[in-house]
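Here the structure is laid out as structure tokens; the discussion comes afterwards.
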Protein chains: 2
Amino acid sequence: MNGRFQIAVHIMTLLTVSEGEQLSSDYIAGSINANAALIRKELSNLRKHNLVSSKEGKAGGYTLAKPAQQITMAQIYQAVKQDSILGEARNAPNPACAVGKNINKHMAAINTGIDDLINKKLGMQSLADFSKQFQ
Amino acid sequence: MNGRFQIAVHIMTLLTVSEGEQLSSDYIAGSINANAALIRKELSNLRKHNLVSSKEGKAGGYTLAKPAQQITMAQIYQAVKQDSILGEARNAPNPACAVGKNINKHMAAINTGIDDLINKKLGMQSLADFSKQFQ
DNA sequence: TTGTACTGTAATAAAAATAGTTACAGATGA
DNA sequence: TCATCTGTAACTATTTTTATTACAGTACAA
């Protein structure tokens with residue numbers, strides 16, 4: 001989810017700074033220097049999370065779904081994150097070992113603890129706050 | 001760094017639980033269900049960070065470099081982490097764009113803020129605390 | 001009603017990151 | 001001097017991420 005948060009924040013910042021104007025995926029991709037279809041995919045995800053709205057057809061494009069004051073960085077983070085931050089085991093550890101048997105559970109506790117913390121921290125900053133830095 | 005933190009914590013927990021006994025990389029790999037050479041690579045890194053000591057030769061193996069009470073989960077995290085959590089841009093964004101030009105700097109600020117938070121949180125839990133859960 | 005400029009999405013390819021493997025030199029103790 | 005272990009490099013395989021291409025569908029406007 002590394003690069004995706006970066007991209008999502010970049011997108012959201014562009015939409016904030018351009019104040020309601022419809023931006024095309026091509027334009028956004030140009031600023032990010034990434035592929036337009038990829039950007040549309042992320043925009044699609046952000047729309048699913050009610051952070052952007054889109055308009056098809058000529059003169060279509062993307063805008064914020066609501067004022068930047070009402071969007072927190074945590075919401076963007078949530079929209080993008082899919083896996084835990086510090087990771088779960090990819091190989092089932094050995095269940096015959098007292099440590100292996102329980103490590104996933106205890107790692108999960110660490111992960112959710114940290115994730116809560118991140119959400120709390122990012123929840124304190126609105127997209128409007130963040131975007132102000134670019135003016 | 002996802003899977004590596006999991007592996008490193010697993011290793012450190014095994015070494016804690018086995019109370020000073022030398023463990024071989026083979027034994028550790030068996031509990032984690034991973035490759036022994038891979039585990040040795042991570043052990044090598046943990047040693048570099050003064051968290052484990054190793055002994056070569058027959059009857060060799062690995063032990064904690066210091067008591068588990070004196071090791072925090074944050075130290076393990078630090079030993080393993082190499083990149084930022086939420087990511088920096090992989091493509092240089094467009095420098096001709098006010099947002100693209102500055103996004104990396106501002107994302108970096110978010111990243112270090114979160115990293116500090118993680119360190120603070122993980123710094124509150126010792127390896128001894130964590131390992132108690134497995135007894 | 002037709003052309004143009006967009007979104008939406010799937011299929012696929014390329015690239016990068018991660019994990020796993022093999023191999024073997026060197027250390028150490030029995 | 002043999003057996004058992006670490007240390008590390010070189011390499012391969014796998015998985016994940018990112019990029020590309022392609023095209024159907026929508027909306028506006030002349």
Side-chain angles (χ1 to χ4, degrees), chain A residues 1-8 10-11 15 18 21-30 32-49 51-65 80-93, chain B residues 1-8 10-11 14-15 18 21-30 32-49 51-65 80-94:
Chain A
M1 91 114 210
N2 230 295
R4 284 185 60 201
F5 183 63
Q6 166 92 21
I7 285 178
H10 198 146
I11 290 172
L15 294 177
S18 68
E21 196 184 342
Q22 300 269 4
L23 298 186
S24 73
S25 60
D26 250 16
Y27 174 84
I28 296 172
I32 297 181
N33 187 20
N35 185 273
L38 190 67
I39 297 301
R40 287 202 290 273
K41 220 184 282 178
E42 194 56 54
L43 280 160
S44 193
N45 178 53
L46 292 168
R47 190 189 47 224
K48 217 177 297 166
H49 287 81
L51 297 175
V52 313
S53 19
S54 62
K55 188 181 162 195
E56 289 184 60
K58 192 168 179 178
Y62 301 87
T63 55
L64 292 182
V80 148
K81 107 167 173 13
Q82 42 197 357
D83 309 305
S84 64
I85 298 295
L86 300 182
E88 278 184 35
R90 336 83 314 152
N91 292 337
Chain B
M1 89 115 211
N2 228 294
R4 283 185 61 200
F5 183 64
Q6 166 95 18
I7 285 179
H10 198 146
I11 290 172
L14 286 170
L15 293 176
S18 68
E21 195 183 342
Q22 301 268 5
L23 298 186
S24 72
S25 60
D26 250 16
Y27 173 84
I28 296 172
I32 296 182
N33 188 21
N35 186 270
L38 190 68
I39 297 302
R40 287 203 289 276
K41 222 182 281 178
E42 194 57 54
L43 279 159
S44 195
N45 177 54
L46 292 168
R47 189 188 49 225
K48 218 176 297 166
H49 287 82
L51 297 176
V52 314
S53 17
S54 62
K55 190 182 160 194
E56 289 184 59
K58 194 168 177 177
Y62 301 85
T63 56
L64 291 182
V80 149
K81 105 167 175 8
Q82 43 197 358
D83 309 305
S84 65
I85 299 295
L86 300 183
E88 277 184 37
R90 338 74 322 142
N91 292 337
N94 187 341

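Order of the sequence lines fixes the chain letters, A, B, ..., with proteins taken first and strands second; residue numbering starts at 1 for each chain.
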Would one find a side-chain N or O of [X] under 4.0 angstrom from OP1 or OP2 of [N]?
X: B/R40; N: C/dC24; value: no
X: A/Y27; N: C/dT7; value: no
X: B/S24; N: D/dT4; value: no
X: A/S25; N: C/dT7; value: yes
X: A/N35; N: D/dT18; value: no
X: B/S44; N: D/dT6; value: no
X: A/R47; N: C/dT7; value: no

Is there a side-chain contact between [X] and [Y], using heavy atoms and a 4.5 Å cut-off?
X: B/N45; Y: B/R4; answer: yes
X: B/K55; Y: B/Y62; answer: no
X: B/E42; Y: B/I11; answer: yes

Sugar-phosphate only, base, or nothing, as touched by B/A59 at under 4.0 Å among non-hydrogen atoms: nothing
Sugar-phosphate only, base, or nothing, as touched by B/K41 at under 4.0 Å among non-hydrogen atoms: base
5′-ward residue of the pair A/K58/A/L43 relative to DNA chain C: A/K58
Step-by-step side chain to side chain contact (heavy atoms under 4.5 Å, CB included) determination, B/L15 to B/L51: CA-CA 10 Å; B/L15 293 176; B/L51 297 176; over 6 Å; no
